[in-house]
Each structure stands twice: as structure tokens, then as C-alpha cells.
Amino acid sequence: MLGIIGGSGVYELSDIADAVEKKTVETEYGSVEVSILNIESKKVAFISRHLEGHKIPPHMINYKANIQALKNLGVTQIISTSAVGSINLDMAPGSFVLVNNFLDFTVLRDKTFFDDEVHHLDMSEPYCPRLREIICSCMDDKESIFDNGTYICTEGPRFETPAEIKMFQLFEGDVVGMTGLPEVVFAREKEMCYQTICLVTNFGTSISENILTHDEVAEMMDVKKDVLLTLLHKVILKLDDNFDCFCLHALDY
Ligand code: HPA
């Protein structure tokens with residue numbers, strides 16, 4: 001089954017689903033509200049990261065429970081959506097970025113499932129290249145999608161200072177957000193394919209002349225939501241449960 005984790009602005013997928021069944025999945029890390037969607041012949045498990053009404057801030061999300069809940073449901077591949085600020089002038093607000101690398105600046109989060117076993121997972125391809133290629137092929141407007149980029153994850157919930165943005169640019173990051181980590185690592189630790197679709201909602205602090213607010217982020221999400229839902233719908237129909245990928249064998253290496 002495919003799992004989708006919706007970020008800011010994507011709190012449900014009923015617009016593209018034929019039927020929705022809501023359930024609570026209990027895991028050893030906490031319980032998670034999951035919607036099981038029927039979309040034509042496909043079944044999709046959907047989790048809203050922040051919940052409807054944007055109630056959970058990035059540093060309080062139970063990333064471990066969310067990934068474990070999808071694993072318990074038999075999910076083998078996950079697509080997530082994330083609103084991000086751009087620090088790369090070529091990636092203007094309104095662009096989609098399929099990141100293929102990350103820099104983790106989070107400091108408070110629980111970062112691994114492996115506290116009692118030793119696993120040093122390879123991170124040369126932290127996101128799934130197979131999913132990235134499929135998502136890119138489903139995007140109609142090729143001008144507004146980038147098929148790689150480096151995601152910088154901050155702890156939040158505050159936005160960045162101008163000095164932080166300058167440092168992130170020197171580190172050659174492309175987009176900055178608050179929720180990408182440790183989600184991507186947890187998915188790999190649970191041997192699931194994972195790719196996030198970043199939607200650039202704004203330029204980073206001090207690149208843009210405006211003072212950055214969550215309203216600016218929410219407004220761009222609203223503008224682009226239909227494009228994002230159309231993309232997700234096409235990707236869902238294209239993905240098959242019958243596949244193999246190195247992500248499914250991450251612990252063998
Ligand atoms: N910074 C961090 N997170 C974000 C931003 C940003 O500029 N925009 C949307 N999420």
C-alpha cells in the first residue's frame with residue numbers, strides 16, 4: 001500500500017478519493033489518526049502531519065508513531081508533501097522541488113528507531129530515486145519542478161534569522177523547512193521508499209523583502225493546492241505495489 005503524509009495545507013485528500021475510512025492505529029510510540037482512501041483501484045493510507053487546523057507544531061510531531069503506523073498497515077512506499085522556503089534564487093515561490101539530499105539542523109528530536117541495536121544506515125541516496133523519477137514524470141508543467149535539491153531542516157518553530165539563511169546558502173542548501181527530518185530517516189530505517197514533494201511557498205528570510213509569516217506560507221499552499229493534488233492523483237494511479245527497490249533492503253547493507 002502507498003502512504004501519503006500531508007504537510008502544511010494538505011490536511012485531507014477527500015477531494016481526490018472515492019471513499020475515506022478513518023481509523024486510529026495504535027503503535028508502541030503512540031496512536032495515529034489515519035485515513036484509508038480508495039482512489040480508483042488503489043488504496044492509500046493518509047496521515048496529516050499537523051492535523052486539520054494545523055494544530056501540531058513541527059517540533060512536537062510524533063514522527064516515529066506516524067512512520068510505525070504506516071509500517072503496521074503494510075505501507076511500502078511513502079510520499080510526503082512539505083511547504084518550504086527557498087534559499088536558491090532559481091527556485092522561486094510556486095516551484096516544486098523533489099529534494100535528493102538533506103542537511104539536518106534539528107536538535108531536540110528523537111532521531112532513530114535503533115537505540116538497542118547497532119545499524120549504520122547508508123545515506124548516499126537518502127530519498128528514493130525511483131519515486132522521484134515517477135513523480136517527476138507525472139508533473140505536467142516541467143518548468144516548475146526541480147528533480148533535485150538539498151533540504152535543510154531546522155528545529156523551528158520560529159523562522160530563520162538572516163545569518164542562518166546566509167550560512168545555509170554557503171552550505172549550498174536549496175530549500176528550508178521544519179518537518180523533513182527525522183521522517184525521511186525513519187522511513188529508511190523501516191525499509192520503506194520515501195520521497196517528499198516540496199512546494200516553495202516563499203523565499204527565505206531576508207531574501208524576500210517581506211517579514212515572513214505563516215499566512216504567506218498558507219496563501220501559496222492554497223494557490224498551488226490543485227496542482228499538488230492533481231500531481232498526487234497521477235502518481236497514485238501510476239504506482240504499483242509490485243516493485244523492488246534498494247530502500248526495501250536498507251538493513252541488509
Ligand atoms: N523556513 C522554514 N520553514 C518553512 C519556510 C521557511 O522559510 N517556509 C515554509 N516552511
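Ligands are counted one by one from 1 in listed order, and the atoms in each one are counted from 1 as well.
The shortest side-chain heavy-atom distance between T27 and N72 falls under the 4.5 Å cut-off.
Which parts of ligand 1 touch M178 is read off a 4.0 Å heavy-atom cut-off, strictly below it: atoms 2 (C), 3 (N). Close approach to T201 involves these atoms of ligand 1, each under 4.0 Å from a residue heavy atom: 8 (N), 9 (C). In summary, the atoms of ligand 1 found under 4.0 Å from a heavy atom of L212, numbered by their order in the structure, are 7 (O). Counting the atoms of ligand 1 from 1 in the order shown, those under 4.0 Å from a heavy atom of G85 are 4 (C), 5 (C), 6 (C), 7 (O), 8 (N), 9 (C). Contact atoms of ligand 1 toward V217: 8 (N), 9 (C) (distance under 4.0 Å to a heavy atom of the residue).
Residues S82 and R49 approach most closely at OG-NH2, 3.7 Å, considering heavy atoms. Counting all heavy atoms, side chain and backbone alike, D90 lies closest to F146 at O-CZ, 3.3 Å.
A salt bridge is defined here as a Lys NZ or Arg NE, NH1 or NH2 lying under 4.0 Å from an Asp or Glu carboxylate O, and E164 with R158 meets this definition.
The nearest heavy-atom contact from the protein to atom 4 (C) of ligand 1 is V176 O, 3.7 Å. The protein heavy atom nearest to atom 7 (O) of ligand 1 is N202 ND2, 2.9 Å. If you check which protein heavy atom lies closest to atom 2 (C) of ligand 1, you get E160 OE2, 3.2 Å. Remark: minimum distance from atom 10 (N) of ligand 1 to any protein heavy atom is reached at A83 O, 3.3 Å.
Checking Y29, F113, Y63, F114 one by one against F186, the ring pair (Phe, Tyr, Trp, His ring centres under 6.0 Å) holds for a single residue, F113.
L170 CG: more than 12 foreign heavy atoms inside a 6.0 Å radius.
Between the side chains of H119 and E117, a donor-acceptor pair is found at a separation under 3.5 Å.
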